[in-house]
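Structure record follows, encoded as structure tokens.
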Amino acid sequence: TLATLKKDTTQGDTMKRSIISAAIAAAAISAPVMAEEYPYYATFGASHTDTEISERYFKESDYTKHSYNLELSFGIMMTEQSAVELSYIKSAPAQSKKRPDFTDYKLNGFYFFGEDALKPYLTAGIGHETLELNDPVGTEYKDYILSAGFGVQYDVTDRFFGRAELRLDDMVDKRPEHPYYVLEVGMRLGTPKAAPVVAPEPMPEPEPAPVVVVVPPADTDNDGVTDDIDECAGTPAGVTVDSAGC
């Protein structure tokens, strides 16, 4: 039975490592589109973490109570509805010494639904966590984590927004998993993208006015009287004629 349990545990760890490898590869080959008015943003917030869900994995359950943490993130909008965030999570310095201390580094992906000011979203990511129990023996866990959650974001203005999020983090090999209840405020950075300049259509050039060519009447006998009024056509050259050409 013990051998079977160890085999199942090893298979589970191998599967989790495969998931992490696939996530890293997908993130590496993704090319940012950054289709947003403000493509970059930063968030700051606080979270409540409940480790009692995993107290059976710890030696001293008195040191697995909830913890209060601070979270700082920097994000990039990849498309109009998706983003990638790099986060740093650290336990609040003012909390009780008996509460566990968290230090997390995470890379999360986000997908937002809809384009209204209030929009729900899904999130998932990978990272690394250091968990210190602050028990008498100083128990410490370090491992990679998988994270998944959901939340809502409300855009207060074009630049500022707020979030409420619930997520579950799972340490890959150490087994502990703990939910996070997060409240954050965010600010979009940079200057808005300039609207594309549309060149006006050229005005059609006016058609040129027709050129009227005036052809003077012919004077076949060169007597100074044009043929149309010359009554004596063919007079010899050099003779004097009257107005009728005679």
Find out whether [X] and [Y] are in side-chain contact, i.e. whether some heavy atom of one side chain is under 4.5 Å from a heavy atom of the other.
{"X": "L146", "Y": "I126", "result": "yes"}
{"X": "V156", "Y": "F161", "result": "no"}
{"X": "D158", "Y": "R188", "result": "no"}
{"X": "Y68", "Y": "H48", "result": "yes"}
{"X": "E165", "Y": "F110", "result": "yes"}

Roughly how far apart are [X] [atom1] and [Y] [atom2], rounded to 0.5 Å?
{"X": "M77", "Y": "Y40", "atom1": "CE", "atom2": "OH", "result": "12.5 Å"}
{"X": "T123", "Y": "L166", "atom1": "OG1", "atom2": "CG", "result": "11.5 Å"}
{"X": "L189", "Y": "I76", "atom1": "CG", "atom2": "CD1", "result": "10.5 Å"}
{"X": "T79", "Y": "Y111", "atom1": "OG1", "atom2": "OH", "result": "7.0 Å"}
{"X": "D101", "Y": "S67", "atom1": "CG", "atom2": "OG", "result": "6.5 Å"}
{"X": "D104", "Y": "T130", "atom1": "CG", "atom2": "OG1", "result": "8.0 Å"}

Please enumerate all residues that pass side-chain contact (heavy atoms from CB on, under 4.5 Å) together with T240, with sequence neighbours excluded.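 Testing T240 for side-chain contact (heavy atoms from CB on, under 4.5 Å), a comparison that skips the adjacent residues, returns none.
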
**Pairs satisfying side-chain hydrogen bond (donor to acceptor under 3.5 Å, both in side chains), at least one member in residues 199-209, at least two apart** =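 For residues 199-209, and leaving out neighbouring residues, there are no side-chain hydrogen bond (donor to acceptor under 3.5 Å, both in side chains) pairs at all.
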
[X] to [Y] - nearest heavy-atom pair and separation:
{"X": "P179", "Y": "D50", "result": "CD-O, 3.1 Å"}
{"X": "V152", "Y": "L118", "result": "CB-CD1, 4.4 Å"}
{"X": "I89", "Y": "K106", "result": "CD1-CD, 3.7 Å"}
{"X": "H178", "Y": "L131", "result": "CE1-CD2, 4.4 Å"}
{"X": "D155", "Y": "K119", "result": "OD2-NZ, 2.5 Å"}
{"X": "Q81", "Y": "G114", "result": "NE2-N, 3.5 Å"}

Practice task
Check whether more than 12 heavy atoms from other residues, nucleotides or ligands sit under 6.0 Å from atom OH of Y154, and answer yes or no.
Solution key: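 It does not: Y154 OH has 12 such atoms or fewer within range.
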
- [ ] Give a yes or no on this: more than 12 heavy atoms of other residues, nucleotides or ligands lie within 6.0 Å of atom CZ of F150.
- [x]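 Atom CZ in F150 is not crowded, with 12 or fewer foreign heavy atoms closer than 6.0 Å.
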
query: Taking R163 for the side chain and Q153 for the main chain, is one N or O donor matched with an acceptor at less than 3.5 Å?
result: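 No; zero donor-acceptor contacts below 3.5 Å.
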
Between R167 and E184, is there a salt bridge with N-O shorter than 4.0 Å?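 Not counted as a salt bridge, because no side-chain N and carboxylate O are separated by less than 4.0 Å.
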
Check whether Y88 and L107 end up in the same hydrophobic cluster, where Ile, Leu, Val, Met, Phe, Trp and Tyr are linked by side-chain heavy atoms less than 4.5 Å apart.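 Different hydrophobic clusters.
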
Is there a continuous path of hydrophobic side-chain contacts, each under 4.5 Å between heavy atoms, that joins L183 to L70?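 No, separate clusters.
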
Next item on the list: Anything under 30° is parallel, anything over 60° is perpendicular, the rest tilted; go ahead and classify Y180 against F102.
Entry: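 It falls in the perpendicular class, over 60°.
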
- Query: Do E85 and Y41 get their side chains close enough for a donor-acceptor pair, meaning under 3.5 Å?
  - Reply: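 Result is yes, a qualifying pair exists.
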
